[in-house]
Amino acid sequence: MDLGIAGRRALVCAASKGLGRGCAQALASAGCAVTVVARTEETLRATAQAIEAASGQPVQWVACDITTAEGRAAALAACPQPDILVNNAGGPPPGNFRDWDRDAWIRALDANMLTPIELIKATVDPMIERRFGRIVNITSGAVKAPIDILGLSNGARSGLTGFVAGVAREVARHNVTINNLLPGPFDTDRQRATALGVAKASGKTVDEVLAARRNANPSGRFGGIDEFGAMCAFLCSTHAGFVVGQNILLDGGAYPGTF
Ligand code: NAD
């Protein structure tokens with residue numbers, strides 16, 4: 001399927017690895033001029049080069065922390081008027097809410113709620129003027145079914161979800177859509193990092209923890225970043241202009257509800 005977005009400018013945050021990288025790859029394969037952002041220059045440059053080689057499209061990269069004002073300024077300086085924005089950042093650490101002070105909450109809110117809101121604010125009006133815009137926020141299945149040890153994520157991402165629900169309806173008549181993608185378990189570094197924490201606490205090996213997680217999913221496996229990227233690219237396509245303010249789960253069926 002031709003996604004109709006060849007030549008569109010796409011800014012993809014937190015994209016040297018994992019889900020963000022999957023989105024950047026899929027958008028570049030659809031012909032977009034992609035700018036990828038992540039903190040570590042070496043990894044990011046290698047990712048940009050790999051995507052460029054695979055897609056034949058130019059890929060710009062900006063090494064910065066997207067959760068800071070300076071980082072966002074650097075990303076927007078490199079890609080000032082994106083047609084497509086994919087909001088993403090590392091997830092907050094797990095823990096017990098009794099141990100989280102105000103600073104821990106502010107860090108989570110900055111990364112997973114206020115950073116995407118700032119980037120939407122900086123890019124949405126030019127999208128409205130051009131009568132084309134696609135914004136996808138990578139949130140989490142935890143927004144729909146909270147995960148007890150990820151209270152910082154449950155809370156911060158729910159704040160973003162509430163904001164997006166309102167603003168998506170405000171901009172939709174200008175052919176600007178804002179939607180959220182909610183990952184369940186995907187095969188990424190983040191998955192392995194949280195498995196390591198569980199392994200240490202439970203005395204199991206990381207492989208045992210990962211195998212149990214795969215087994216617990218109705219699909220019997222983790223999702224792949226290519227599958228995630230394909231859904232993101234479709235949401236950014238010309239075909240998805242009527243998909244507005246949705247929270248789309250990609251979780252292999254983990255969420256147990258009928259709807
Ligand atoms: P990952 O660790 O594999 O990759 C994260 C990417 O973000 C890396 O490229 C890293 O360099 C970059 N990054 C992190 N913090 C950044 C920052 N402040 N500024 C710029 N770049 C930054 O993680 P992932 O699994 O791809 O997860 C992406 C998001 O999705 C996270 O918020 C995570 O909590 C969430 N999520 C992931 C899963 C999963 O199963 N993988 C499930 C639910 C939610």
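The structure displayed is predicted, hence computed values, not measured ones. In each ligand, atom 1 is the first atom listed, and ligand 1 is the first ligand listed. All residue numbers in this chain count up from 1 along the given sequence.
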Is any NZ, NE, NH1 or NH2 atom of the basic residue among Arg192 and Asp189 found under 4.0 Å from an Asp or Glu carboxylate oxygen of the other?
yes
Looking only at protein heavy atoms, which one is nearest to atom 13 (N) of ligand 1, and what is the separation?
Ala14 CB, 3.7 Å
Atoms of ligand 1 close to Gly91 [distance to a heavy atom under 4.0 angstrom, numbered from 1]:
31 (C), 32 (O), 34 (O)
Counting heavy atoms only, which part of Ala89 comes closer than 4.0 Å to ligand 1: side chain, backbone, both or neither?
backbone
Check each heavy atom of Asp65 against ligand 1 and say whether those closer than 4.0 Å belong to the side chain, the backbone, both or neither.
both
For ligand 1, the portion of Arg213 having any non-hydrogen atom under 4.0 Å away:
neither
Against heavy atoms of Thr67, which atoms of ligand 1 measure under 4.0 Å?
18 (N)
Ligand 1 atoms in contact with Ser16 (distance to a heavy atom under 4.0 Å):
8 (C), 9 (O), 11 (O)
Applying a heavy-atom cut-off of 4.0 Å, say which part of Cys64 lies close to ligand 1: side chain, backbone, both or neither.
backbone
Heavy-atom proximity to atom 29 (C) of ligand 1, picking from Leu19, Asn88, Ile225, Ile147, points to Asn88
Residue-level breakdown please: for Pro185 versus ligand 1, do any non-hydrogen atoms fall below 4.0 Å on the side chain, on the backbone, on both, or on neither?
backbone
Atoms in ligand 1 with a heavy atom of Gln191 nearer than 4.0 Å:
40 (O)
With a 4.0 Å heavy-atom cut-off (strictly under), which part of Thr43 contacts ligand 1: side chain, backbone, both or neither?
neither
Check whether any N or O atom of Pro183, backbone or side chain, sits under 3.5 Å from an N or O atom of ligand 1, and answer yes or no.
no
From the options Lys17, Arg39, Arg21, select the one whose nearest heavy atom is closest to atom 14 (C) of ligand 1.
Arg39
